[in-house]
Amino acid sequence: MARVVGHIDLDYFYAQVEEVEEPSLKSRPVIVCVFSGRTDDSGVVSTANYKARELGVHSGMPIALAKKKLGGKDAAVIKMEHEKYEAVSGRIMEELEDRVDVLEPTGIDEAFFDITASTGGDYSKAVEAAESIKRAIFERERLTSSVGLGRSKIIAKLGSDMAKPDGLKVIVPEETEAFLASIPVTKLYGIGPKTSATLSSMGIRTAGELAGAQPADLERAFGRKFGAYLVAAATGTDADPVVAGLEPTQFSRIITLRRDTREPLEAFDQLSKGIERVHQKLIDSGKAFRTVTAIGILADLSIKTKSRSFEAPVDDVAVLRDVTLSLFEDLSRSVARDFRRVGVRVSGLSAVDSQSSLTQFLRPAR
DNA sequence: TCGCCCTCCTC
DNA sequence: CCATGTGAGGGCGA
């Protein structure tokens, strides 16, 4: 039986949440911004609604430039409030959980789902299910979303992308090959500027051309894993399953310094709250770490890291702080210019269970 | 396996 | 023109 995989994406999520909260925004260009705090306008646009996009504003654009483009257009410039969007996202994911066979959230505003079993592989049933999902989200949160349906994750993702905004795109299994033929490789998930440039130099610009390439050539150019992935992506035959309940493998926090510096203590001080946040994430998820990484983004935006691993998992925030500081001392000695941004990452995560909750054995739960 | 780097993803 | 923040995954040398 053909798989029925879906990908759902909430339209211009942060900005749309703001529009729902304040409906008068709907008639205006809206940008939701991350302010770095260096100067009044330093930072970037995280999300722009379609009115702002029409004026040439997009994600990742510096706020100052976006403001220039939006000057005199009655635009709303809104500071991002992550917790608010997390809450909305959480409610939507719960709703989705109830309506699909398997749900795999892949970000705050998107998820893969599998409805093969509940539809029996029938794509007309799948379309009804997808429409019902879109309707449920709209009725509950007044948010529009876009959905793609197809036989694999890559196809479903391509579909949701094409369906935006507020659309549904179905690629039935039999049409997959014809559908892919003329799709530019840059549209395929996992193919960014570097990969597409290399492919282009090999004379490959569409998925159809990629499908016709020699797997051996791809593997030589991109490595074994990624080469195989490219073949699967181009032919729509990726078998990667939708998986529920994936655990995070790392937590990190990166901040922009108030001024460029190479002083480890100055960097560490400003990162201090970030370290607490990372530790809080560990507590919330019940995890311990084995590796700490200090991250430095230098004045020229190049990235340098230093990391240290422990033999056994650690969950002590004091250790995290001490190691981070000492890594920044090392890092600072090894760089040729100042830090612009600094961060900390914990990885090698494992569940803190039996050891620390030995009391469970002494006093069994009910 | 570790440490470091690169690429990509999303907004 | 100024350039945020989070996470996944893989390659490679030691």
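Residue numbers start from 1 in every chain, and the chains themselves are labelled A, B, ... in the order their sequence lines are given, proteins ahead of strands.
Between A:Arg253 and C:dG5 there is no side-chain N or O to OP1 or OP2 distance below 4.0 Å. A:Ser42 has no side-chain polar atom (N or O) that falls below the 4.0 Å cut-off from OP1 or OP2 of C:dC2. For A:Thr106, no side-chain nitrogen or oxygen approaches OP1 or OP2 of C:dA8 to under 4.0 Å. Put simply, A:Arg340 has a side-chain N or O that comes within less than 4.0 Å of OP1 or OP2 on C:dT4.
Residue A:Ser59 is classed as a base contact, given a heavy-atom separation below 4.0 Å to a base. Residue A:Ile63 is out of contact with every strand shown, counting any heavy-atom pair closer than 4.0 Å.
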Intermediate values then yes/no, salt bridge (charged side-chain N to carboxylate O under 4.0 Å, His left out), A:Lys187 and A:Asp161: CA-CA 9 Å; A:Lys187 298 280 185 192; A:Asp161 208 40; 5.1 Å; no
Every protein N/O within reach of nucleotides 9-12 of chain C N/O, cut-off under 3.5 Å:
none

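The shortest distance between side-chain heavy atoms of A:Arg321 and A:His279 does not fall below 4.5 Å.
Distance from the side chain of A:Phe251 is smallest for C:dG7 among the nucleotides C:dG7, C:dT4, C:dC1.
Taking atom CG of A:Leu282 as the reference point, atom C1' of C:dT6 lies 14 Å away to the nearest angstrom. For the pair A:Ile297 CD1 and C:dC2 C1', the interatomic distance rounds to 15 Å; values are reported in whole Å.
Using cut-offs of 30° and 60° on the angle between ring planes, the pair A:Tyr85 and A:His82 is perpendicular.
The outermost nucleotides of DNA chain B lying under 4.0 Å from heavy atoms of chain A, listed 5' to 3', are B:dC2 to B:dC11.
No donor-acceptor contact under 3.5 angstrom links the side chains of A:Asp9 and A:Ser160, judged on distance only.
Checked against ring-ring contact (aromatic ring centres under 6.0 Å, His included), A:Phe112 has the following partners two or more places apart in sequence or in another chain: A:His7.
When both distances must be under 3.5 Å, the Watson-Crick or G-U wobble mate of C:dG9 is B:dC6.
Taking both residues in full, the closest heavy atoms of A:Val335 and A:Lys304 are given as CG1-CG, 3.9 Å, listed atom of the first, atom of the second, then distance.
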